[in-house]
Amino acid sequence: MSNITQPAGQENTNHAKLYQLALFPMNNGATNVYFVLVLSYIALFGNGVLGLLMAFATIMVTVMRLCDAITDPIIGALIDRTNGKFGKFRPFMVIGNLIMAASVLILYLFTPMIPDTMMWLRYVLFVLLYFVWVIGYTFQTSCTRSGQTVLTNDPKQRPMFTLFNTVGSLVGMGAMQFLAPLIRSSVGDYNTAAFYRVLAPLGIVISLVLTVLAVIGIWEKDQPKYFGIGGKESKKVKISEYIQIIKCNKPMQRLMVAGAGCKLALAIATNVSVLCMLYGSMMGNYDGLYLPMMVLGYVFSVPFFLLTIRTSQKHGQKASLEKYVRVALIMYIGVLALMILWKPDNPAFNLSLFGEGGLTINLYTVLFIVFFGVGYGAYYSTADMPIPMVADCSDYETYRSGQYIPGVMGTLFSLVDKLVSSLSTTVVALAISFIGLKTLPAAETAYEPGMNWVVIVLFCVIPMIAWIATLIAMKGYTLTGAKMKEIQTVNASRKAAIAEGKTLEEAMKMYPAIEDVKAGAK
């Protein structure tokens with residue numbers, strides 16, 4: 001069975017054009033705009049602008065994820081059963097983006113107008129608008145994961161998706177992270193309504209433009225001939241069957257853990273409150289450190305993007321993810337040591353770049369730049385790597401069961417993404433509460449005793465634990481580069497058999513999954 005070949009005249013691989021590979025990942029950039037706009041700021045907005053209790057504004061974001069356990073499978077089912085005039089994925093990308101735009105616009109611009117004598121209404125609208133936003137976020141983020149299955153199944157091209165996906169992420173997330181401190185310095189701090197009146201419309205416009213580019217990128221591929229192995233003959237999956245599917249799809253289980261680890265590291269280490277405490281409260285120069293360090297991290301990321309592609313193309317995406325997560329973990333041991341050595345009243349053990357007399361860089365800062373830069377570059381390049389691996393898990397499900405269900409795969413991974421992202425907000429708030437703060441720190445928040453240990457845990461320790469969990473999960477991940485070639489060959493052979501008039505069941509008997517053959521031999 002390992003020598004299965006594609007029937008004569010049939011193409012084994014679905015290739016994407018370069019512009020498609022470059023444009024469709026802008027969908028990830030479009031949703032990452034909201035990752036920053038909402039998930040990074042909603043707790044600060046609720047607590048600092050609307051006056052909601054800090055515990056409510058932060059824990060609610062995580063508790064609301066319980067609703068996703070119900071809504072995400074439903075949305076996944078809708079995607080899998082959609083096959084209309086405008087394709088399977090494009091409608092959800094556009095509708096999702098419009099839902100997010102409307103909910104965020106109302107939340108950030110209009111809820112502050114509610115008088116503080118009607119706090120109950122602020123609480124109600126905060127929850128309702130956030131819930132509506134989550135629905136739109138699921139619509140669009142699920143398409144980033146599931147749409148890859150129609151874009152390409154070429155083992156050489158899928159790692160390139162990681163590069164373009166990261167570029168899209170940089171355009172979306174990077175633009176928001178770059179604009180936010182500039183807006184803050186000109187109109188008001190992160191806990192003022194004026195800040196959100198400027199940031200929200202800008203973010204909405206950027207996200208909408210990126211969504212249009214993504215729709216153009218997938219337009220040609222979003223049609224039935226690229227849907228699985230049997231087009232419209234694919235079996236419709238009941239929501240009740242989803243648990244069984246994930247139970248049997250072991251690679252997806254491990255990828256969800258790895259994806260959660262990578263996302264948790266990114267979400268907590270880049271949380272606005274954490275960076276305000278690090279660069280503002282501890283180092284005393286938020287405006288002078290935040291942007292340079294952010295740019296530094298992106299600069300260090302560039303060579304790692306290229307390295308991850310080469311490693312993925314030669315050895316598979318699993319090997320690439322493991323390798324560069326290890327690099328991040330090793331480098332952050334150095335960051336951790338430097339954070340422990342920090343002394344509030346000793347300039348030699350503080351970050352320093354520029355002073356009144358010009359450049360004031362010291363050895364402590366040089367070492368921080370090296371360890372943080374390399375570590376951030378490595379883990380930022382892997383943060384979105386599990387996304388193209390979802391397409392491998394979806395192809396594996398088609399190979400294992402014959403079912404083409406990219407929607408459920410995308411929404412399940414999106415659920416983990418959202419759970420972890422929202423959990424990061426609650427973790428940060430709980431950690432901050434231990435030092436007695438009643439509000440989330442902003443850039444001008446003064447240093448409080450014990451804050452350095454909170455930053456050490458949030459900025460270093462938790463991400464390092466998350467990376468260790470990622471490495472453990474990947475040890476048993478079986479979808480190597482060689483295995484994916486086998487899977488694509490079997491799936492293509494079945495598709496050719498169905499095109500010749502065979503049923504799905506007959507095609508699967510003709511070309512069974514290799515695991516099934518081995519099991520039968522035993």
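Scope of the values below: all heavy atoms of this structure, side chains included, with no hydrogens, waters or symmetry mates.
Checked by atom type and distance alone, the side chain of N271 pairs as donor or acceptor with a backbone atom of S273 at under 3.5 Å. In this structure a side-chain-to-backbone donor-acceptor pair under 3.5 Å is missing from N32 to F35. With K318 contributing its side chain and L479 its backbone, the two residues share no donor-acceptor pair below 3.5 Å. T308 contributes no side-chain N or O that, together with a main-chain N or O of S320, makes up a donor-acceptor pair within less than 3.5 Å. Here the side chain of R254 pairs no donor or acceptor atom with the backbone of M474 at under 3.5 angstrom. Under the 3.5 Å distance criterion, the side-chain polar atoms of S142 are left unmatched by any main-chain donor or acceptor of F139.
Relative to the six-membered ring of W219, R90 meets both conditions, a distance below 6.0 Å and an angle of at most 45° to the axis.
Inter-residue side-chain proximity for T82 and F92 is flagged as met; some heavy-atom pair is nearer than 4.5 Å. Inter-residue side-chain proximity for P251 and C393 is flagged as met; some heavy-atom pair is nearer than 4.5 Å. Between N47 and L52 the shortest side-chain heavy-atom distance does not fall below 4.5 Å. Using a 4.5 Å heavy-atom threshold, the side chains of L53 and Y123 count as touching. In this structure, F24 and Q20 have side chains that are not in contact, with every pair of non-hydrogen atoms separated by 4.5 Å or more. Annotation: side chain of T445 is not in contact with side chain of M277 (no heavy-atom distance under 4.5 Å). Looking at heavy atoms from C-beta onward, D392 lies in side-chain contact with Y477 at the 4.5 angstrom threshold. Between L471 and E322, the closest side-chain pair of non-hydrogen atoms falls below 4.5 Å.
Note: Y279 and Y290 have perpendicular aromatic rings, judged against thresholds of 30 and 60 degrees for the angle between ring planes. Using a 30° and 60° split on the angle between ring planes, Y34 and W133 fall in the tilted class, from 30° to 60°. Ring-plane geometry between F372 and Y332 is classed as tilted, the angle between the planes lying from 30 to 60 degrees on a 0 to 90 degree scale. Classified by interplanar angle (parallel below 30°, tilted 30° to 60°, perpendicular above 60°), the ring pair F304/Y324 is perpendicular.
Aromatic ring centres of F300 and Y376: separated by at least 6.0 Å. Taking the six-membered ring for Trp and the full ring otherwise, the centers of Y196 and Y190 sit at least 6.0 Å from each other.
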message: Would T439 and N191 count as a side chain to side chain contact (heavy atoms under 4.5 Å, CB included) here? Give the steps.
response: CA-CA 10 Å; T439 59; N191 53 8; over 6 Å; no
query: For Y380 and Y298, what are the C-alpha separation, side-chain angles and deciding distance, and is it a ring pair (Phe, Tyr, Trp, His ring centres under 6.0 Å)?
result: CA-CA 8 Å; Y380 192 83; Y298 286 156; 5.5 Å; yes
message: One pair to check against side chain to side chain contact (heavy atoms under 4.5 Å, CB included): T111 and L129. What are the steps and the verdict?
response: CA-CA 10 Å; T111 54; L129 290 170; 3.9 Å; yes
- request: Go through the steps to decide whether F368 and V335 satisfy the test side chain to side chain contact (heavy atoms under 4.5 Å, CB included), and finish with yes or no.
  value: CA-CA 6 Å; F368 186 88; V335 176; 4.1 Å; yes
- request: May I have the step-by-step check of side chain to side chain contact (heavy atoms under 4.5 Å, CB included) for V212 and V94, ending in yes or no?
  value: CA-CA 8 Å; V212 171; V94 174; over 6 Å; no
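Atom OH of Y19 sits in a crowded spot, with more than 12 heavy atoms from other residues, nucleotides or ligands closer than 6.0 Å. The local environment of CH2 in W342 is crowded, with over 12 non-hydrogen atoms from other residues, nucleotides or ligands closer than 6.0 Å.
Taking each heavy atom of M282 and N350 in turn, the nearest pair found is O-OD1, 3.6 Å. Considering every non-hydrogen atom in both A328 and A378, the closest pair reads N-CB, 3.9 Å. The two residues M339 and V455 make their nearest non-hydrogen contact at CE-CG1, 3.6 Å. Across all their heavy atoms, C143 and M93 have their closest contact at CB-CG, 3.6 Å. Minimum heavy-atom separation, G261 to A466: O-CB, 3.2 Å. Here the closest heavy-atom approach between residue Y364 and residue L338 is recorded as OH-O, 2.6 Å.
Separation of atoms OG1 (T470) and CZ (R326) is listed at 11.5 Å; rounding is to 0.5 Å. Rounding to the nearest 0.5 angstrom, the gap separating the CG atom in L182 from the CG atom in L291 is 5.5 Å. M176 CE to M173 CE: the interatomic distance, rounded to the nearest 0.5 Å, is 10.5 Å. With rounding to the nearest 0.5 angstrom, the OG1 atom of T192 is 10.5 Å from the CG atom of L44. Rounding to the nearest 0.5 Å places CG of L329 at 5.0 Å from CE of M464. The CD1 atom of I472 sits 15.0 Å away from the CH2 atom of W467 when rounded to the nearest 0.5 Å.
Of the charged side-chain nitrogens involved, none lies within less than 4.0 Å of a carboxylate oxygen, so that K88 and D222 do not count as a salt-bridged pair.
With no hydrogens or angles considered, no side-chain donor-acceptor pair links T144 and N28 at under 3.5 Å.
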Pairs of donor and acceptor atoms involving the side chains of residues 96-109, under 3.5 Å and at least two apart or interchain, shall be tabulated with distances.
unit_1	atom_1	unit_2	atom_2	d
N97	ND2	Q140	OE1	3.1
N97	ND2	S207	OG	2.8
N97	ND2	T211	OG1	3.0
S103	OG	I99	O	3.0
S103	OG	M100	O	3.1
Y108	OH	L37	O	2.6

Could you pull out all donor-acceptor pairs under 3.5 Å where a side-chain atom in residues 426-434 meets a protein atom, sequence neighbours excluded?
unit_1	atom_1	unit_2	atom_2	d
T426	OG1	T58	O	3.1
T426	OG1	T62	OG1	2.4
S433	OG	L430	O	2.5

